[in-house]
Student: 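Please find one structure pasted underneath; my questions will follow.
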Amino acid sequence: MLKAAFPDQAIGALVEKLKTSGRPFSYQAGGVQVTTPRLDLAAAASGAAPQPTVSQSGPAPAPSESGPSPEPTDEDPRSEDPRSDDPGESDEPDPTPIPLPTVTVTVTVTATPPAAPSSVCTRGTAGTRMTAKEWAVEVYRGTGQLSDETLTCYLKLAHKTSKVFPELTKASSLGKAYRVLKAPKGARAKLDRALLAAWLNWAHGATSTLAPVQAAEKVRLTAKASSASLKKATAALGK
């Protein structure tokens with residue numbers, strides 16, 4: 001869950017976030033003050049500040065039973081002779097309630113943060129184009145600078161406009177896109193590689209015009225396109 005909330009952070013950093021975001025719980029164990037952190041996934045996912053320590057005090061000592069008992073007084077009805085024939089006396093027990101011991105309970109309530117709104121998939125604002133080889137490094141999981149969420153967004157934008165992807169050439173996922181961007185063999189595969197890199201550059205914001213890409217797609221969609229025309233379209237995308 002933390003990896004989904006923070007896809008750009010390393011596992012070690014997420015573990016440390018989980019260990020430090022919960023509320024510490026301090027208590028006595030064997031005469032020693034011990035502090036144990038509690039895990040709080042909601043606090044770690046929301047980036048909340050570390051919570052103050054909660055301390056548990058030991059039970060209050062029981063009152064000592066040693067020592068003399070108080071002397072009965074004449075006003076104390078319990079000191080009278082239970083054999084008294086006074087009709088005013090009653091054998092009913094004293095109705096005064098006996099107070100119960102007080103128990104203090106500490107309850108920690110952590111508010112659940114509201115669900116983050118789903119991000120809108122839009123084009124990037126980069127100004128530098130990348131080659132198909134560089135895009136292959138980005139698409140390969142955990143080796144590039146762009147997050148998987150951003151790359152998946154770029155593929156969705158390309159699929160909405162392209163007539164080659166993913167209908168003709170499957171590149172609907174990062175794994176399939178990586179196979180297209182690897183060093184391919186054959187004129188059609190090389191054109192697919194150049195087309196996918198061109199679409200990714202457009203989604204990244206590195207290029208603004210789609211005329212060369214759409215012209216190359218027309219050649220790719222031609223069933224009987226010659227090897228020479230495929231190579232020419234590939235070379236045009238590299239300019």
Student: Considering all heavy atoms of both residues, which atom of Pro24 and which atom of Pro52 are nearest to each other, and what is their separation?
Tutor: CD-O, 4.0 Å
Student: Under the side chain to side chain contact (heavy atoms under 4.5 Å, CB included) test, which residues partner Thr20, sequence neighbours left out?
Tutor: Glu16
Student: Which residues pass the side chain to side chain contact (heavy atoms under 4.5 Å, CB included) test with Pro7, sequence neighbours left out?
Tutor: none
Student: Apply the test side-chain contact (heavy atoms from CB on, under 4.5 Å) to residues Arg193 and Arg188: give CA-CA distance (whole Å), side-chain angles for both, the deciding distance (0.1 Å), then the verdict.
Tutor: CA-CA 9 Å; Arg193 179 191 189 192; Arg188 292 184 185 276; over 6 Å; no
Student: So, for His159 and Trp199, is the gap between ring centers shorter than 6.0 Å?
Tutor: no
Student: Show the nearest heavy-atom pair for residues Leu181 and Ala197, with the distance to one decimal.
Tutor: CD2-N, 4.1 Å
Student: Is a donor from one side chain sitting under 3.5 angstrom from an acceptor on the other, for Gln145 and Glu138?
Tutor: no
Student: If a pair satisfies disulfide (SG to SG under 2.5 Å) and one of its residues is in residues 162-204, list it, with sequence neighbours excluded.
Tutor: none
Student: If two hydrophobic side chains count as joined below 4.5 Å and joins carry through other members, does Leu151 share a cluster with Val137?
Tutor: no
Student: Mind checking side chain to side chain contact (heavy atoms under 4.5 Å, CB included) for Lys232 and listing every partner two or more places apart, or none if nothing turns up?
Tutor: none
Student: Once side chain to side chain contact (heavy atoms under 4.5 Å, CB included) is applied, do any residues pair with Ala4, and if so which ones, sequence neighbours excluded?
Tutor: none
Student: Determine which pairs satisfy ring-ring contact (aromatic ring centres under 6.0 Å, His included) with at least one residue from residues 214-235, sequence neighbours left out, and list them in order.
Tutor: none
Student: Side-chain contact test, heavy atoms from C-beta onward, threshold under 4.5 Å: evaluate it for Leu191 versus Val164 and give yes or no.
Tutor: no
Student: Any donor-acceptor pair under 3.5 Å linking the side chain of Glu134 with the backbone of Thr131?
Tutor: yes
Student: Sort and list the pairs that fulfil disulfide (SG to SG under 2.5 Å) and have at least one residue in residues 5-41, not counting sequence neighbours.
Tutor: none
Student: Heavy atoms, side chains only, cut-off 4.5 Å: are Tyr154 and Asn201 in contact?
Tutor: no
Student: How about Leu41 and Met1: do any of their side-chain heavy atoms sit closer than 4.5 Å?
Tutor: yes
Student: Donor-acceptor check, side chain of Asp40 to backbone of Arg23, threshold 3.5 angstrom: yes or no?
Tutor: no
Student: Residues two or more places apart in sequence or in another chain: which of them pass salt bridge (Lys or Arg N to Asp or Glu O under 4.0 Å) with Asp8?
Tutor: none
Student: As an exercise, state the distance from NZ of Lys163 to CG of Leu221, rounded to the nearest 0.5 Å.
Tutor: 7.5 Å
Student: About how many Å separate CZ of Arg123 and NE2 of His204, when rounded to the nearest 0.5 Å?
Tutor: 11.0 Å
Student: Heavy atoms only: give me the nearest Ala203-Leu157 pair and the separation to one decimal.
Tutor: CB-CD1, 4.2 Å
Student: Would you check if Leu14 and Lys3 make a side-chain contact, meaning some heavy-atom pair closer than 4.5 Å?
Tutor: yes
Student: OH of Tyr140: more than 12 outside heavy atoms within 6.0 angstrom?
Tutor: no
Student: Please report the closest heavy-atom contact between Leu237 and Val213, naming both atoms and the distance.
Tutor: CD2-CA, 3.8 Å
Student: How long is the straight-line distance from CD of Glu149 back to OG1 of Thr152, given to the nearest 0.5 Å?
Tutor: 8.0 Å
Student: Just distance, no hydrogens or angles: give the donor-acceptor pairs under 3.5 Å from side chains in residues 168-179, sequence neighbours left out.
Tutor:
| from | atom 1 | to | atom 2 | distance (Å) |
| --- | --- | --- | --- | --- |
| Thr169 | OG1 | Asp192 | OD2 | 3.0 |
| Ser173 | OG | Lys176 | N | 3.4 |

Student: Residues in side-chain hydrogen bond (donor to acceptor under 3.5 Å, both in side chains) with Thr209, at least two apart?
Tutor: none
Student: Looking at Leu230 and Ala225, what are the two nearest heavy atoms and their distance?
Tutor: CD2-CB, 4.0 Å
Student: Measure the spacing between NZ of Lys190 and OG1 of Thr234 and express it to the nearest 0.5 Å.
Tutor: 8.5 Å
Student: Roughly how far apart are Trp202 CH2 and Leu210 CG, rounded to 0.5 Å?
Tutor: 5.5 Å
Student: Does Tyr27 have any side-chain hydrogen bond (donor to acceptor under 3.5 Å, both in side chains) partners at least two apart in sequence or in another chain, and if so, which?
Tutor: Thr36
Student: Can you name the closest pair of heavy atoms from Ala198 and Thr207 and give their distance?
Tutor: O-OG1, 4.4 Å
Student: At what distance, to the nearest 0.5 angstrom, does CG of Leu155 lie from OG of Ser162?
Tutor: 11.0 Å
Student: Evaluate the criterion side-chain contact (heavy atoms from CB on, under 4.5 Å) for residue pair Trp135 and Leu196; output intermediate values, then yes/no.
Tutor: CA-CA 9 Å; Trp135 276 115; Leu196 183 54; over 6 Å; no
Student: Which residue pairs pass the salt bridge (charged side-chain N to carboxylate O under 4.0 Å, His left out) test when at least one of the two sits in residues 202-219, sequence neighbours left out?
Tutor: none
Student: If you define the side chain from C-beta out and look only at heavy atoms, does anything of Cys153 sit under 4.5 Å from Thr150?
Tutor: no
